[in-house]
Asker: 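So that we are looking at the same thing, I have put the structure below in structure tokens.
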Amino acid sequence: MKVDIYELKHWMSHVYHHDLENEIMQAFFDCNKKKDHDITFKEYRACLARKADTPAPTVKSENRLVARWKRADQDGDSRLSLTEFGAFYAPEESHHQHMHGLLVDEYIEDRDSDGDYHLTFKEYTSQSVNERDLNSGEDWELSLNERFNKIDENKDEILSHPEVENYLFPVLYDHNPADEEAEHIMAETDDDKDGKISHYEMMKHLRVFVGSQVLQQGKLLMRSRDEL
């Protein structure tokens, strides 16, 4: 039996989204001490404070949490239902389009040194050398200058909010880390380059699966191996 790239992407996408949904539900119910249908920001903040690995809040991080909470709160009652909490928890997901503009705001604010709400090439590259854009994909292989020019649609040598949003969240945007991870795994494990992974190749390169962030260092591989 062999697995091709389409089957691998489908399986990893299923595993990724299934795990994300469980993670959201766990976080929601951990914070929902009253066991009702929604939670307040105060409940969520107290829940974060109880976790030992939560970094101390800064003014910037707190303001962003509040802004995300308000954007996710679509009915304006200051409380988040499980669905609204999903948007707050994973705002980059493609089905949370109402959150994307806020992420673009954060992206620009992190780089905008002069406060004009636009990014020059120098500002854009200030944090882009060692991190990937949300929607980088194959574009990460381009030079920083090439990527800047691609984002700069009107060629005025600055990046506006709409240009950054079009790049990070294009019309056909579908945030799915599993796809890129599947391509990486295929490239690392397909020894005979036939476009498929055999059981032998999978076992030989098990460390690649174990090291996958999407598969939570292999935990989900063991749970889901019978599905593949």
Asker: Compare every heavy atom of Ile197 with every heavy atom of Met202, then report the nearest pair and how far apart it is.
Answerer: N-CG2, 3.9 Å
Asker: Just by distance, do the side chain of Asn32 and the backbone of Phe28 share a donor-acceptor pair under 3.5 Å?
Answerer: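 The answer is no, because no donor-acceptor pair under 3.5 Å joins these two groups.
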Asker: Grab the two heavy atoms, one from Asp192 and one from Lys196, that are nearest each other, plus how far apart they are.
Answerer: OD1-O, 4.4 Å
Asker: How are the rings of Trp69 and Tyr44 set to each other: parallel, tilted or perpendicular (split at 30° and 60°)?
Answerer: tilted
Asker: Under the side chain to side chain contact (heavy atoms under 4.5 Å, CB included) criterion, do Met203 and Leu206 qualify, and how do the steps go?
Answerer: CA-CA 5 Å; Met203 292 300 101; Leu206 191 59; 4.3 Å; yes
Asker: Between Glu109 and Arg64, is there a side-chain N and carboxylate O pair less than 4.0 Å apart?
Answerer: yes
Asker: How long is the straight-line distance from CG of Leu103 back to NE2 of His96, given to the nearest 0.5 Å?
Answerer: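 Nearest 0.5 Å value for the NE2-CG distance: 10.5 Å.
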Asker: Could you check if a side-chain atom of Glu93 sits within less than 4.5 angstrom of a side-chain atom of Leu20, using non-hydrogen atoms only?
Answerer: yes
Asker: Given side chain to side chain contact (heavy atoms under 4.5 Å, CB included), test Met12 with Ile185 step by step and report yes or no.
Answerer: CA-CA 11 Å; Met12 290 189 66; Ile185 288 176; 3.7 Å; yes
Asker: Just how far is it from atom OG1 of Thr120 to atom CG of Leu159, taken to the nearest 0.5 Å?
Answerer: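 Nearest 0.5 Å value for the OG1-CG distance: 8.5 Å.
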Asker: Are Asp36 and Asp38 close enough that some pair of their side-chain heavy atoms sits under 4.5 Å apart?
Answerer: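 Yes; the side chains approach each other to less than 4.5 Å.
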Asker: Are more than 12 heavy atoms, taken from residues, nucleotides or ligands other than Tyr200, located less than 6.0 Å from that residue's OH atom?
Answerer: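 Atom OH in Tyr200 is not crowded, with 12 or fewer foreign heavy atoms closer than 6.0 Å.
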Asker: In Å, rounded to the nearest 0.5 Å, how long is the span from CG of Asp75 to OG of Ser81?
Answerer: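 Spacing of CG (Asp75) from OG (Ser81) equals 7.0 Å.
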Asker: If you round to the nearest 0.5 Å, how far is CD of Glu92 from CG of Leu102?
Answerer: 12.0 Å
Asker: How far does NE2 of His199 sit from NZ of Lys204, to the nearest 0.5 angstrom?
Answerer: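 Between His199 NE2 and Lys204 NZ, I get 14.5 Å after rounding to 0.5 Å.
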Asker: Report the C-alpha separation of Lys60 and Asp110 in whole Å, then their side-chain angles, then the decisive distance to 0.1 Å, and conclude whether the salt bridge (Lys or Arg N to Asp or Glu O under 4.0 Å) test is met.
Answerer: CA-CA 10 Å; Lys60 181 178 180 179; Asp110 284 340; 2.8 Å; yes
Asker: Is a side-chain N or O of Asn149 found less than 3.5 angstrom from the main chain of Asn145, in a donor-acceptor match?
Answerer: yes
Asker: Decide yes or no on side chain to side chain contact (heavy atoms under 4.5 Å, CB included) for Glu84 and Gln74, but give the supporting numbers first.
Answerer: CA-CA 7 Å; Glu84 290 172 329; Gln74 291 193 284; 4.1 Å; yes
Asker: Of the non-hydrogen atoms in Glu62 and Pro57, which two are nearest, and what is the gap between them?
Answerer: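 Heavy-atom minimum between the residues: OE1-CB, 3.8 Å.
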Asker: Assess, by modelled atom type and distance only, whether the side chains of Gln26 and Asn22 contain a donor and an acceptor separated by less than 3.5 Å.
Answerer: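 Side chains of Gln26 and Asn22: no pair found under 3.5 Å.
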Asker: Tell me the closest heavy-atom pair linking Leu119 and Asp112, and the distance in Å.
Answerer: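 For Leu119 and Asp112, the tightest heavy-atom pair comes out as CD2-N, 3.8 Å.
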Asker: Hey, any chance Ile108 and Ile158 share a hydrophobic cluster, counting ILVMFWY side chains that come within less than 4.5 Å of each other, even indirectly?
Answerer: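 Ile108 and Ile158: separate clusters.
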Asker: Of all the heavy-atom pairs spanning Cys31 and Glu43, show the shortest one and how long it is.
Answerer: O-CB, 3.9 Å
Asker: Are Thr189 and Glu201 close enough, and set up right, to give a side-chain hydrogen bond (donor to acceptor under 3.5 Å, both in side chains), and what steps lead you there?
Answerer: CA-CA 6 Å; Thr189 61; Glu201 289 170 330; 5.9 Å; no
Asker: For His10, is the NE2 atom crowded, meaning more than 12 foreign heavy atoms sit under 6.0 Å from it?
Answerer: no
Asker: How close do Asp194 and Lys2 get, heavy atom to heavy atom, and via which atoms?
Answerer: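 So the two residues come closest at OD2-NZ, 2.6 Å.
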Asker: Report yes or no: do Leu168 and Met99 belong to one cluster of Ile/Leu/Val/Met/Phe/Trp/Tyr joined by side chain heavy-atom distances under 4.5 Å?
Answerer: no
Asker: Would you find more than 12 non-hydrogen atoms of other residues, nucleotides or ligands less than 6.0 Å from Lys122 atom NZ?
Answerer: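 Not more than 12 within 6.0 Å, no.
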Asker: Taking the side chain as everything from C-beta on, heavy atoms only, tell me whether Glu181 gets closer than 4.5 Å to Tyr16.
Answerer: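 Answer no - side chains too far apart.
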Asker: Taking 4.0 angstrom as the limit, do Arg68 and Glu106 come out as a salt bridge?
Answerer: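 Looking at Glu106 together with Arg68, the answer is yes, because their closest N to O distance falls below 4.0 Å.
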Asker: So Leu65 and Phe88, do their side chains get closer than 4.5 Å, heavy atoms only?
Answerer: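 A side-chain contact exists here, since the closest heavy-atom pair is under 4.5 Å.
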Asker: Give the intermediate values and the outcome of side chain to side chain contact (heavy atoms under 4.5 Å, CB included) for residues Glu163 and Asn154.
Answerer: CA-CA 9 Å; Glu163 287 173 332; Asn154 63 2; 3.0 Å; yes
Asker: Verify, without hydrogens or angle tests, whether Asp152 (side chain) and Asp156 (backbone) share a donor-acceptor contact under 3.5 angstrom.
Answerer: yes
Asker: Taking NZ in Lys155 as the centre, count heavy atoms belonging to other residues, nucleotides or ligands within less than 6.0 Å. Is the count above 12?
Answerer: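 Yes, the 6.0 Å shell around NZ holds more than 12 heavy atoms from other groups.
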Asker: To the nearest 0.5 angstrom, please state how far the CD atom of Gln97 sits from the CD atom of Glu165.
Answerer: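 Rounded to the nearest 0.5 Å, the CD-CD separation comes to 9.5 Å.
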Asker: Determine whether more than 12 heavy atoms belonging to other residues, nucleotides or ligands lie under 6.0 Å from atom CD of Glu157.
Answerer: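 No, because the 6.0 Å sphere around CD of Glu157 holds 12 heavy atoms or fewer from other groups.
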Asker: Restricting to ring pair (Phe, Tyr, Trp, His ring centres under 6.0 Å), what partner residues turn up for Tyr89, sequence neighbours left out?
Answerer: Phe85
Asker: Hey, does Val104 have a side-chain heavy atom less than 4.5 Å from the side chain of Phe169?
Answerer: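 Yes, at least one pair of side-chain atoms sits under 4.5 Å.
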Asker: Which residues satisfy the salt bridge (charged side-chain N to carboxylate O under 4.0 Å, His left out) test with Arg71, sequence neighbours excluded?
Answerer: none
Asker: Ring-plane angle category for Tyr124 and Phe148, please: parallel below 30°, perpendicular beyond 60°, tilted otherwise.
Answerer: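 Tilted: the ring planes of Tyr124 and Phe148 meet at 30° to 60°.
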Asker: When you check the side-chain N and O atoms of His161 and Asp105, is any donor under 3.5 Å from an acceptor?
Answerer: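 Checked: His161/Asp105 side chains pair up, N/O donor to acceptor below 3.5 Å.
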